[in-house]
S.K.: 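Please find one structure pasted underneath; my questions will follow.
We name chains A, B, ... by the order of the sequence lines, and we start the count at 1 in each one. Both backbone and side-chain heavy atoms feed into the values below; hydrogens, waters and symmetry mates do not.
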Amino acid sequence: MTGRAPDPALVDEVIAWFDEVRRPFPWRDPDRTAWGVLVSEVMSQQTQMSRVEPKWREFVDRWPTPAAFAAASDAEAIRAWDRLGYPRRAVALRRCAEAIVAEHGGEVPADPEALLALPGIGPYTAAAVCSFAFGMPVPVVDTNVRRVLARAVHGEAIAWSPNPRRDAAEMAALLPADGERAAEWNAGAMELGALVCTARAPRCPECPIRGRCEWRGAGFPAAERTPRRQPRFEGSDRQRRGRVLAALRADPGGVELDRLAERLGLARLVPDELDAETARHRAAADSLVADGLAEREGGRIRLVGD
DNA sequence: GATACGTGGTG
DNA sequence: TCACCAAGTAT
């Protein structure tokens with residue numbers, strides 16, 4: 001964390017902008033619950049808010065408390081998760097609900113360390129729950145915030161790579177002492193990164209802090225390094241896992257491993273490819289079992305708890 | 001520190 | 001079209 005001290009006026013201007021344009025997500029309602037906030041944050045991990053909103057409504061309508069969700073089955077949780085992605089989050093969230101019931105009397109703990117110890121809760125989510133559900137003055141740093149601070153404060157085109165200690169220190173340097181105001185700054189910085197200071201095509205003319213942006217002031221210098229490329233999804237094991245899990249979601253009874261290829265519509269491949277793909281899909285099925293998303297019984301595989 | 005982990009929006 | 005990117009976490 002080198003370079004100039006951050007400009008505190010940034011904070012006021014981002015908060016003022018956020019108060020005007022904030023998107024009215026239900027987990028921002030005054031009547032929100034800490035559980036609702038926690039669910040929204042887990043659903044939002046690597047997932048755009050626009051995709052989260054409809055699923056979140058269904059989810060918290062069905063399971064309004066940690067105790068309610070703890071009583072569900074993993075299979076129900078995975079089906080409710082639908083196509084949000086990273087379905088392991090659904091299982092982790094259910095384990096999290098169980099731990100909240102067992103260790104915290106059914107109440108989401110207002111404590112960063114306690115939250116961090118829960119399944120599926122990392123540094124970002126723990127901080128987000130403390131700030132947004134409980135109004136604690138803690139820094140919340142996601143990919144948007146890293147990018148906003150990299151540009152506005154450090155004059156760099158792209159964010160530094162995630163680093164919990166550095167992330168917290170960078171944001172703490174700007175954090176208002178008042179918890180409610182800190183939450184506005186945390187959420188405002190994220191919103192700015194999501195709506196204006198975007199990765200690919202930033203809308204600088206609309207930016208509330210364009211006059212204070214070091215990146216703009218320096219003439220928008222290009223990134224000095226290129227981020228790692230995301231692996232191709234098409235043809236990946238990730239894609240195969242997704243297809244196998246989709247079949248299991250559709251079949252409460254599970255599927256015979258011998259029928260997996262047929263069930264997945266692989267039958268029209270030429271024989272060599274069929275064999276290879278069948279083997280890979282079986283491996284994907286095994287990895288789902290290893291990850292606790294599915295279970296095997298003899299020659300059948302099904303969703304956990306189905 | 002690097003890698004695996006889903007699915008869909010965006011330019 | 002297609003590569004990039006997304007309110008990260010666990011190992």
Side-chain angles (χ1 to χ4, degrees), chain A residues 18 22-23 25 27-28 37-56 78 81-93 95-96 115-133 139-149 157-168 171 183 185-203 223 225-249 283-284 287-288 290-294:
Chain A
F18 182 56
R22 64 191 312 165
R23 291 171 289 177
F25 293 121
W27 50 86
R28 289 176 173 168
V37 172
L38 193 159
V39 171
S40 79
E41 295 302 342
V42 172
M43 285 187 168
S44 301
Q45 292 166 4
Q46 293 286 284
T47 309
Q48 302 92 326
M49 290 297 200
S50 55
R51 295 179 57 207
V52 167
E53 184 166 359
K55 284 298 149 205
W56 183 88
I78 292 167
W81 206 255
D82 195 38
R83 299 183 64 79
L84 262 187
Y86 294 139
R88 57 170 56 171
R89 291 183 294 172
V91 173
L93 184 59
R95 299 271 180 277
C96 175
L115 284 162
L116 204 48
L118 296 169
I121 308 283
Y124 163 77
T125 305
V129 169
C130 286
S131 178
F132 303 142
V140 179
V141 181
D142 73 335
T143 187
N144 291 302
V145 173
R146 275 191 297 276
R147 185 174 54 251
V148 166
L149 295 182
I158 60 175
W160 62 90
S161 51
N163 174 325
R165 287 191 53 183
R166 175 175 179 185
D167 297 348
M171 198 60 170
W185 162 237
N186 285 327
M190 283 192 277
E191 195 90 326
L192 187 64
L195 300 181
V196 176
C197 193
T198 58
R200 208 105 72 89
R203 299 162 174 78
R225 60 190 174 78
T226 57
R228 278 191 63 79
R229 282 187 49 180
Q230 191 173 71
R232 184 182 188 83
F233 181 67
E234 192 65 32
S236 68
D237 287 330
R238 250 170 164 162
Q239 183 183 47
R240 292 187 189 92
R241 281 169 57 107
R243 285 177 175 162
V244 172
L245 199 66
L248 301 185
R249 274 197 297 255
S287 77
L288 290 172
D291 284 357
L293 292 167

S.K.: Taking everything shown except A:R225 itself, do over 12 heavy atoms lie less than 6.0 Å from its CZ?
M.R.: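 Counting neighbours around CZ of A:R225, more than 12 heavy atoms of other residues, nucleotides or ligands fall under 6.0 Å, so yes.
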S.K.: NZ of A:K55 versus P of B:dG6: gap in Å, rounded?
M.R.: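 That distance rounds to 17 Å.
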S.K.: Examine the side chains of A:Q45 and A:Y124 and answer whether a donor and an acceptor come within less than 3.5 Å of each other.
M.R.: no
S.K.: Report yes if a side-chain nitrogen or oxygen of A:R83 is closer than 4.0 Å to either non-bridging phosphate oxygen (OP1 or OP2) of B:dG8; otherwise report no.
M.R.: yes
S.K.: Can you check the A:Y86 OH to B:dT3 C1' distance for me, whole Å?
M.R.: 11 Å
S.K.: Considering just the side-chain nitrogens and oxygens of A:S161, establish if one lies under 4.0 Å of OP1 or OP2 belonging to B:dG1.
M.R.: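 No, outside the criterion.
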S.K.: How far apart are the C-alpha atoms of A:V91 and A:I78, what are their side-chain angles, what is the distance that settles it, and do they pass the side chain to side chain contact (heavy atoms under 4.5 Å, CB included) test?
M.R.: CA-CA 7 Å; A:V91 173; A:I78 292 167; 3.9 Å; yes
S.K.: Would you mind reading off the distance between A:L115 atom CG and C:dT9 atom P, rounded to a whole angstrom?
M.R.: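 Nearest whole value for this atom pair: 11 Å.
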S.K.: Could you give the distance separating C:dT9 and B:dG8 at their P atoms, to the nearest angstrom?
M.R.: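 Those two atoms are separated by 22 Å.
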S.K.: Toward the 5' end of DNA chain C, which comes first, A:P119 or A:R28, by nearest nucleotide?
M.R.: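 This one resolves to A:R28.
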S.K.: Find the distance A:L84:CG to C:dA6:C1' and express it as a whole number of Å.
M.R.: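 The answer, rounded to whole Å, is 12 Å.
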S.K.: Once you round it to whole Å, what is the distance between P of C:dA10 and CG of A:L118?
M.R.: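 So the two atoms are 10 Å apart, to the nearest Å.
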S.K.: Check the distance between C:dT11's P and A:R88's CZ and give it to me in whole angstrom.
M.R.: 8 Å
S.K.: Which comes earlier along DNA chain C counting from the 5' end, the contact point of A:P227 or that of A:P162, where each point is its nearest nucleotide?
M.R.: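 Per heavy-atom nearest nucleotide, the more 5' residue is A:P227.
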S.K.: By the 4.0 Å heavy-atom rule, please label A:R146 as base, sugar-phosphate, or nothing.
M.R.: nothing
S.K.: Looking for any heavy atom pair under 4.0 Å, which part of the strands does A:T47 touch: base, sugar-phosphate only, or nothing?
M.R.: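 If one applies the 4.0 Å heavy-atom cut-off, A:T47 turns out to touch a base.
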S.K.: Indicate yes or no: does A:R249 engage A:D82 in a salt bridge with an N to O separation below 4.0 Å.
M.R.: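 Looking at A:R249 and A:D82, the cut-off is not met.
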S.K.: Within this structure, what is the CG-to-P distance between A:L192 and C:dA6, rounded to whole angstrom?
M.R.: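 Answer to the nearest Å: 14 Å.
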S.K.: So, for A:G193 and A:R147, which heavy atoms are closest and what is the spacing to 0.1 Å?
M.R.: O-NH2, 2.8 Å
S.K.: B:dT3, OP1 or OP2 - any side-chain N/O from A:R228 closer than 4.0 Å?
M.R.: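 Yes, A:R228 has a side-chain N/O under 4.0 Å of OP1/OP2 on B:dT3.
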S.K.: Heavy atom of residues 230-237 of chain A under 4.0 Å from DNA chain B: which residues?
M.R.: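 Of all residues in residues 230-237 of chain A, the ones placing a heavy atom under 4.0 Å from DNA chain B are A:F233.
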S.K.: 5'-most contact on DNA chain B: A:Q48 or A:N163, nearest heavy atom basis?
M.R.: A:N163
S.K.: Between the side chains of A:T47 and A:R89, is a donor N or O closer than 3.5 angstrom to an acceptor N or O?
M.R.: yes
S.K.: Could you check whether A:Y124 and the base of C:dG8 form a stacked pair, meaning centres closer than 5.5 Å and planes differing by less than 30°?
M.R.: no
S.K.: Using OP1 and OP2 only, check whether a side-chain N or O of A:R229 sits under 4.0 Å from C:dC4.
M.R.: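 Checking A:R229 against C:dC4: at least one side-chain N or O falls below 4.0 Å of OP1 or OP2.
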S.K.: Between the main-chain N or O of A:S40 and the side-chain N or O of A:S44, is there a donor-acceptor pair closer than 3.5 Å?
M.R.: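 A pair under 3.5 Å: yes.
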S.K.: Reading DNA chain B from 5' onward, which residue's closest nucleotide shows up sooner: A:Q45 or A:A201?
M.R.: A:Q45
S.K.: Going by number, which of residues 239-247 of chain A have a non-hydrogen atom under 4.0 Å from DNA chain B?
M.R.: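 DNA chain B contact set from residues 239-247 of chain A: A:R241, A:G242.
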S.K.: Work out how far the P atom of C:dT1 is from that of B:dG6, and round it to whole angstrom.
M.R.: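 The answer is 26 Å between these two P atoms.
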S.K.: Is the closest basic N to carboxylate O distance between A:R23 and A:E53 below 4.0 Å?
M.R.: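 No, A:R23 and A:E53 are not salt-bridged.
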S.K.: For A:G122, which contact category applies under a 4.0 Å heavy-atom criterion: base, sugar-phosphate, or nothing?
M.R.: sugar-phosphate
S.K.: Is there a donor on the side chain of A:S50 or the base of B:dG9 sitting less than 3.5 Å from an acceptor on the other?
M.R.: no
S.K.: Over all strands shown, is A:R22 touching base, sugar-phosphate only, or nothing at heavy-atom distances under 4.0 angstrom?
M.R.: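 The answer is nothing, as A:R22 stays clear of every strand by at least 4.0 Å.
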S.K.: Quick one: A:D167 CG to C:dT9 P, roughly how many Å, whole number?
M.R.: 11 Å
S.K.: Is the shortest side-chain N/O distance from A:R200 to OP1 or OP2 of C:dC2 below 4.0 Å?
M.R.: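 For C:dC2, neither OP1 nor OP2 has a side-chain N or O of A:R200 closer than 4.0 Å.
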S.K.: Under 4.0 Å, heavy atoms only, any strand: does A:S40 hit a base, just the sugar-phosphate, or nothing?
M.R.: nothing
S.K.: Verify, without hydrogens or angle tests, whether A:D291 (side chain) and A:L293 (backbone) share a donor-acceptor contact under 3.5 angstrom.
M.R.: no
S.K.: Any side-chain heavy atom of A:T143 sitting closer than 4.5 Å to one from A:M190?
M.R.: no
S.K.: Considering only heavy atoms from C-beta outward, does the side chain of A:L38 approach that of A:L93 to under 4.5 Å?
M.R.: yes
